[in-house]
Amino acid sequence: LVDALKAGKIAGAGLDVFEHEPKVNPGLLELNNAVLIPHLGSATVETRAAMADIAATNALAILAGAQAPNLVTS
């Protein structure tokens, strides 16, 4: 990405997630055509409310002895 931004193959990038978090590729920090923010993509009232609803739904399912609808396994 850094090389593509430097070469102009990509005009610009806005990022709130990074490949090796919490580290940020130092090349990105030097670019004027990259905007870097820490996980603010979900920082809207609507999104945070939806996230809370999902968490509550999962918790209630587990407390009722059921599997969480949004179960993630590794």
Verify, without hydrogens or angle tests, whether Asn58 (side chain) and Asn70 (backbone) share a donor-acceptor contact under 3.5 angstrom.
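Side chain of Asn58 to backbone of Asn70: a pair is present.
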Non-hydrogen atoms of [X] and [Y] that approach each other most closely:
| X | Y | answer |
| --- | --- | --- |
| Gly27 | Val2 | C-CG2, 3.9 Å |
| Ala11 | Leu5 | C-CD2, 4.4 Å |
| Ala61 | Pro69 | CB-CD, 3.9 Å |

Quiz item: Between Val35 and Leu15, is any pair of side-chain heavy atoms under 4.5 Å apart?
Solution: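 Not touching, per the 4.5 Å side-chain cut-off.
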Single-linkage hydrophobic cluster, 4.5 Å side-chain cutoff, [X] and [Y] together:
| X | Y | answer |
| --- | --- | --- |
| Ile37 | Ile10 | no |
| Leu60 | Ile54 | no |
| Leu71 | Ile62 | no |

**Prompt:** Can you pull the side chain to side chain donor-acceptor pair (under 3.5 Å) pairs that have at least one residue in residues 20-46, sequence neighbours excluded?
**Reply:**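 Checked against side chain to side chain donor-acceptor pair (under 3.5 Å) - neighbours excluded - the pairs reaching residues 20-46 are Glu21-His39, Ser42-Arg48, Thr44-Thr47.
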Report task. Mind checking the CG-CZ spacing from Leu36 to Phe18? Nearest 0.5 Å is all I need. Result ->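 One finds 4.5 Å between CG of Leu36 and CZ of Phe18.
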